[in-house]
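Before any comments, here is the structure.
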Amino acid sequence: MAATDAIGDSRGDTYVARVARGAGISTAGQGIGRVLGYLTQVMIARLFGPAAFGFYSLGVAAVNGAQILSRFGMENGVVRYVAHHRAREDTPGMRGTIIQAIGVAFALSLVLSAVMFFGAGFAAEWYYNKPFMETVLRAFALTLPFFTFMMMVLWATQGFQTVTYASYVQQMIRPALFLVLVPVFYLLGAGVIGTVAAYGVSMLLGSLVAVYYLRKLFPPLFDNKVPARFETRELFAVSVPMSITTGAQYLNTWSAVWVMGAFAAAGPVGIFTAAARTATLSTIVRFAFSGIFSPIISSFYSRGELADLGRLYKDVSRWIFTGALAIFLPIVLLSREILAIFGPDFTAGWTALIIVAAAQLYSSSVGPTPRMLAMTGNQNVAMVATATAALVGVGVSFALVPSLGMLGAALGMASAIITENTGTLLAVRRRLGYWPYNWAWLKPIVAGLLAAAAAFLASFVLPLPGVLATIAVVGAVFGAGYLALLLLFGLNDTDREFLGAFRDVALRLLRRGRRSGGEDRG
């Protein structure tokens, strides 16, 4: 049965349409979430300056690491086995998986929150050599249980082959609450610790909304008359190796910030963090696809439809790269202008921005390889690849940051990202026989380079007063040229099907927005 056959969905959707619909919703969520998050980062940087932003960034790095340890890889287990049990209409299995995964993660978060709170003084003195970090770490420790609980509930919803609710909460509602709460606490005179308080309150409120959506999606979860079957061995067999994988992926992203925290002042840490956060904007597309593609991988694999999975993987990887390239090239063209939004001191990080952005583009080009391995029983291979990459990244960062500062941190982060994705790409090739690349990739590459050249020329020819005007005009010229050239070069059948379904999602969201606006005015 072909990958585009209408199977496994009551509405008769093809798998391409389901990927497009999920990616469309998630892209909207990722886009809105990244914009809201980026605005919040800019606000914090402008309100408090590079040094305070550096302290905040180090605290975020710490709480993110603790949150990943708290999840213990359970997010992978809950997605895989909820999808598995759902395909077999096994309600007790779904209920038991969700309860156990969330319960284990939340219990671990309470333990790690206490460790982080009471160990803050030791960490601030021994590692960071920055006394104020004790207060920052203790404040972030209080947010950890809410953060972990919210994330696990949202991962549980994705096991039902929908990313809608995760996108609503994680990418829209929670970031919007944080954006609103930061100036409120600032006006109350709470300083940078007020920003941490805003972070925690937004997680708490996001948790409540997440529970509401999970109950709406799966009412039997809250019905004590429905039995819950716990399959501890199966759940942990997937989750434990993937916890190492996820932890290593965290190190690939944050280890350079940690190392800078040990060797550099808070100001350079803040500047590098702004550059690294900007560089990750191109991962919006990959994350948008990964959420919906994960349960589909599990479904294909459980049915033995490996050829169809391979074809869909190839298409999804190319779509991810096409979207990521549309973000990467403007970042390269406008690196200084984008960082200037944070403040004039932040433009010093433009070289680090380009290095990390290039590594992130490469990660997008290999497609969702860690998910391919995790959802097909090859989680141990993913664990080895990502753990090796983490060691490489930490080693390069420790070797280069003391002498090169931000440049060394950028090279450390880039080396980790490249090593991880090369390892998982080769593993997918060897274990599953899939390879994402073909001649169709030349279309987005050529279109992107030509559009970038046109945008670069426009920045010289057109009078552009100010940073924001430069970003707007150059970005618009590139975007219009890139889209026009992609259409001119032609689309294949799955591309047209994907774009048609993606367009339907966009139109539906716009209609929903108009209805909501009309009701509000009424």
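Residue Ala385 comes nearest to Gly423 through the heavy atom pair CB-C, 4.0 Å, listed as atom of the first residue, atom of the second, then distance. Scanning all heavy atoms of the two residues, the minimum distance from Val381 to Ala427 falls at CG1-CB, 3.3 Å. Closest of all the heavy-atom pairs between Pro183 and Met43 is CD-SD, 3.6 Å. Here the closest non-hydrogen pair linking Arg318 and Asp315 is NH2-OD1, 3.0 Å. Shown here for Ala256 and Ala409, the closest heavy-atom pair between the two residues is CB-O, 3.3 Å. Summarising the geometry of Thr157 relative to Ala166, their closest heavy-atom pair is OG1-N, 4.1 Å, with the distance given to 0.1 Å.
For the side chain to side chain contact (heavy atoms under 4.5 Å, CB included) criterion with Ile102, the lone passing option out of Val153, Thr97, Val78 is Val153.
By the neighbour-count criterion of 12 heavy atoms within 6.0 Å, atom CZ of Arg215 is sparsely surrounded, having that number or fewer from other residues, nucleotides or ligands. The local environment of OH in Tyr437 is crowded, with over 12 non-hydrogen atoms from other residues, nucleotides or ligands closer than 6.0 Å.
Every side chain to side chain donor-acceptor pair (under 3.5 Å) that Tyr38 has, sequence neighbours left out, goes to Thr278.
Remark: Phe72 CZ to Leu112 CG distance equals 10.5 Å, nearest 0.5 Å. From Met260, atom CE reaches atom OG of Ser57 across 10.5 Å, with rounding to the nearest 0.5 Å. Rounding to the nearest 0.5 angstrom, the gap separating the CZ atom in Phe132 from the CG atom in Leu137 is 10.5 Å. We find the CD1-OG1 distance between Ile193 and Thr135 to be 6.0 Å, quoted to the nearest 0.5 Å. With rounding to the nearest 0.5 Å, the separation of CZ in Arg95 from CD in Gln100 is 12.5 Å. One finds the CG atom of Leu179 at 10.5 Å from the OG atom of Ser202 (value rounded to the nearest 0.5 Å).
Checked by atom type, the side-chain pair Tyr186/Thr195 shows no donor-acceptor distance below 3.5 Å. Side-chain contact check for Ser364 and Arg286: no donor-acceptor pair (N or O, by modelled atom type) lies under 3.5 Å. For the residue pair Ser109/Ser70, the side-chain donor-acceptor check at 3.5 Å is not satisfied.
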* Carefully, step by step, assess Phe55 and Met133 under the rule side-chain contact (heavy atoms from CB on, under 4.5 Å). => CA-CA 7 Å; Phe55 281 116; Met133 277 304 299; 3.5 Å; yes
* Asked: Do Lys314 and Tyr434 pass the side-chain contact (heavy atoms from CB on, under 4.5 Å) test, and can you show the C-alpha distance, the side-chain angles, and the key distance before you say yes or no?
  -> CA-CA 8 Å; Lys314 191 180 291 289; Tyr434 303 146; over 6 Å; no
* Dump the intermediate steps for side-chain contact (heavy atoms from CB on, under 4.5 Å) on Tyr213 and Leu154, then the final yes or no. => CA-CA 9 Å; Tyr213 281 133; Leu154 295 177; 5.9 Å; no
* Run the numbers on Tyr313 and Met372 for side-chain contact (heavy atoms from CB on, under 4.5 Å), then give the verdict. => CA-CA 9 Å; Tyr313 164 67; Met372 288 289 291; 3.9 Å; yes
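In this structure, Phe53 and Val269 have side chains that are not in contact, with every pair of non-hydrogen atoms separated by 4.5 Å or more. Taking 4.5 Å as the limit, some side-chain heavy atom of Tyr165 sits within range of a side-chain heavy atom of Leu217. Side-chain contact between Met151 and Gln170 is present, with at least one heavy-atom pair separated by less than 4.5 Å. Residues Pro436 and Leu425 form a side-chain contact, since some pair of their non-hydrogen atoms from C-beta on lies under 4.5 Å apart. Taking 4.5 Å as the limit, some side-chain heavy atom of Tyr56 sits within range of a side-chain heavy atom of Gln41. Looking at Pro175 and Thr40, their side chains never come closer than 4.5 Å, going by heavy atoms from C-beta outward. Side-chain contact between Leu108 and Leu69 is absent, with no heavy-atom pair separated by less than 4.5 Å. Between Leu177 and Val201 there is no side-chain heavy-atom pair separated by less than 4.5 Å.
Although no hydrogens or angles enter the test, the distance criterion places no donor-acceptor pair under 3.5 Å between the side chain of Thr422 and the main chain of Thr419. Put simply, the side chain of Ser397 never gets that close to the backbone of Val394: no donor and acceptor are under 3.5 Å apart. Judged by distance alone, the side chain of Thr369 and the main-chain N or O of Val366 form no donor-acceptor pair under 3.5 Å. The closest donor-acceptor contact from the side chain of Arg138 to the backbone of Phe117 lies under 3.5 Å. Ser363 places a side-chain N or O within 3.5 Å of a backbone atom of Gln360 that can act as its donor or acceptor partner.
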Side-chain polar contacts of residues 140-150 - donor-acceptor pairs under 3.5 angstrom, sequence neighbours left out - could you list them?
from	atom 1	to	atom 2	distance (Å)
Thr143	OG1	Phe140	O	2.7
Thr148	OG1	Leu144	O	3.1

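The six-membered or imidazole ring of Trp319 lies away from that of Phe321, with a centre-to-centre distance of 6.0 Å or more.
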